[in-house]
Q: 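If you scroll down you'll find the structure; I have some questions about it.
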Amino acid sequence: MEYSEKVMEHFTHPHNVGKMDDADGVGEVGNAKCGDIMKMYIKVRDGVITDVKFNTYGCASAIATSSMATDMIKGKPISEALKLTNQAVVEALDGLPAVKIHCSVLAEEAIKAAIKDYYDKNGIAYDAAQFREDTCHYEHHHG
């Protein structure tokens with residue numbers, strides 16, 4: 001299986017790894033299929049993600065995408081972080097093997113879960129549709 005140089009770089013030296021005791025939001029997501037678990041911590045000030053950390057138990061792709069995703073949302077407004085897609089992360093890593101694309105979805109989900117946690121803790125109203133599982137795109141109703 002071929003991993004890009006960027007994937008290997010983020011896998012062997014992931015950025016923003018660790019725990020955050022005073023996080024404003026924590027999101028934990030898992031993928032039972034491949035046993036990957038990801039925990040994302042964010043610090044927020046004035047609607048901007050000032051710091052982000054993650055812990056991932058999983059394959060190289062899951063770790064590399066978490067690392068790249070945290071780089072991409074650090075210092076960005078929450079509204080922008082919510083728009084981050086796993087596709088954008090995969091592109092930033094110069095691609096992933098097709099069988100590993102599902103691992104990259106975890107990073108996107110973990111970020112959303114952490115932001116949702118932040119909103120919940122602070123009583124901030126949000127559009128629940130933003131945090132819905134993305135399954136609706138794949139269901140085709142034939143009438």
Side-chain angles (χ1 to χ4, degrees), residues 1-140:
M1 211 183 308
E2 282 298 299
Y3 287 111
S4 72
E5 258 174 58
K6 271 195 186 159
V7 171
M8 290 314 295
E9 185 189 314
H10 277 272
F11 169 54
T12 48
H13 305 288
H15 307 172
N16 311 307
V17 174
K19 284 199 169 84
M20 203 188 282
D21 293 329
D22 54 350
D24 294 315
V26 180
E28 190 171 337
V29 295
N31 180 334
K33 217 186 308 180
C34 45
D36 294 333
I37 297 171
M38 187 179 295
K39 207 163 186 177
M40 192 78 71
Y41 305 83
I42 56 170
K43 279 217 65 76
V44 182
R45 179 160 297 152
D46 301 327
V48 173
I49 295 172
T50 53
D51 197 12
V52 55
K53 291 260 185 286
F54 79 92
N55 280 107
T56 296
Y57 304 94
C59 62
S61 305
I63 291 166
T65 47
S66 314
S67 171
M68 178 57 90
T70 52
D71 276 355
M72 289 168 84
I73 65 164
K74 204 172 187 173
K76 297 278 192 321
I78 282 181
S79 55
E80 221 172 292
L82 279 173
K83 290 195 195 104
L84 182 70
T85 62
N86 67 303
Q87 269 153 320
V89 177
V90 170
E91 277 166 28
L93 286 167
D94 297 330
L96 276 178
V99 294
K100 291 294 181 183
I101 293 291
H102 65 269
C103 304
S104 65
V105 180
L106 275 181
E108 180 188 332
E109 286 176 356
I111 290 167
K112 286 187 172 158
I115 291 171
K116 186 174 184 295
D117 182 52
Y118 163 71
Y119 282 163
D120 289 338
K121 278 181 180 155
N122 291 278
I124 298 167
Y126 54 85
D127 176 7
Q130 268 184 309
F131 297 100
R132 256 209 326 265
E133 289 299 305
D134 239 27
T135 46
C136 49
H137 296 307
Y138 305 109
E139 284 172 33
H140 297 288

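The basis for the numbers below is simple: all heavy atoms, side chains too, and nothing from hydrogens, waters or symmetry mates.
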Q: With rounding to the nearest 0.5 Å, note down the distance linking NZ in Lys112 to NZ in Lys83.
A: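 Going from the NZ atom of Lys112 to the NZ atom of Lys83 covers 11.5 Å.
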
Q: Can you confirm whether Asp46 is buried at CG, in the sense that more than 12 heavy atoms of other residues, nucleotides or ligands lie under 6.0 Å from that atom?
A: no

Q: Give, for atom CG of Leu84 and atom CD1 of Ile115, the distance between the pair rounded to the nearest 0.5 Å.
A: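 With rounding to 0.5 Å, CG (Leu84) is 9.0 Å from CD1 (Ile115).
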
Q: Check Leu96 against Ser61 and note the closest heavy-atom contact, atom names and distance.
A: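 Answer, listing the atom of Leu96 first, then Ser61: CD2-OG, 3.8 Å.
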
Q: Can you give me the closest heavy-atom contact between Ala62 and Met38, atom names plus distance?
A: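 Minimum heavy-atom separation between Ala62 and Met38: O-CE, 3.7 Å.
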
Q: Is there side-chain contact between Ser79 and Leu82, with at least one heavy-atom pair below 4.5 Å?
A: no

Q: In residues 17-30, what donor-acceptor pairs under 3.5 Å come from side-chain atoms, sequence neighbours left out?
A:
from, atom 1, to, atom 2, distance (Å)
Asp24, OD2, Val44, N, 2.6

Q: Could you report the tightest heavy-atom contact between Leu93 and Lys6, atom names first, then the distance?
A: O-CB, 3.7 Å

Q: Which atoms form the tightest heavy-atom contact between Asn16 and Lys74, and what is the distance?
A: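 Closest approach of Asn16 to Lys74, heavy atoms only: OD1-NZ, 3.0 Å.
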
Q: Measuring from atom NZ of Lys116 to atom CD of Gln130, what distance do you get when rounded to the nearest 0.5 angstrom?
A: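 That separation rounds to 11.5 Å.
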
Q: Less than 4.5 Å apart, any side-chain heavy atom of Ile49 and any of Lys76?
A: no

Q: To the nearest 0.5 angstrom, please state how far the CE atom of Met72 sits from the NE2 atom of His15.
A: 13.0 Å

Q: Is the shortest heavy-atom distance from the side chain of Asp36 to the side chain of Thr56 under 4.5 Å?
A: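 A side-chain contact is absent here, since even the closest heavy-atom pair is not under 4.5 Å.
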
Q: Quick check: do Val89 and Glu108 have side-chain heavy atoms less than 4.5 Å from each other?
A: no

Q: For residues Gly95 and Val7, report the shortest heavy-atom separation together with the two atoms involved.
A: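 So the two residues come closest at O-CG2, 3.7 Å.
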
Q: Is the distance between the ring centroids of Tyr126 and Phe131 less than 6.0 Å?
A: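 Yes.
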
Q: Hey, could you give me the OG/NZ distance between Ser66 and Lys39, rounded to the nearest 0.5 Å?
A: 14.0 Å

Q: Side-chain contact test, heavy atoms from C-beta onward, threshold under 4.5 Å: evaluate it for Tyr41 versus Asn55 and give yes or no.
A: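 Yes; the side chains approach each other to less than 4.5 Å.
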
Q: Identify, with sequence neighbours excluded, every residue that meets salt bridge (charged side-chain N to carboxylate O under 4.0 Å, His left out) alongside Asp71.
A: none

Q: Taking Ile63's backbone N and O only, do any of them form a donor-acceptor pair with Ser67's side chain (distance below 3.5 Å, no angle check)?
A: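 Checked: no pair found.
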
Q: When you check the side-chain N and O atoms of Ser4 and Asp94, is any donor under 3.5 Å from an acceptor?
A: no

Q: Kindly write out the residues that satisfy side chain to side chain contact (heavy atoms under 4.5 Å, CB included) with Tyr57, not counting sequence neighbours, or none if the list is empty.
A: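 Tyr57 satisfies side chain to side chain contact (heavy atoms under 4.5 Å, CB included) with Ile37 only.
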
Q: Tell me the closest heavy-atom pair linking Ala92 and Met68, and the distance in Å.
A: O-CE, 3.4 Å

Q: Looking at side-chain heavy atoms only, is the closest gap between Asn86 and Thr65 below 4.5 Å?
A: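 They are not in side-chain contact.
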
Q: Please name the residue in the list Thr70, Val52, Leu106, Ile73 that meets the side-chain contact (heavy atoms from CB on, under 4.5 Å) test with Ile111.
A: Ile73

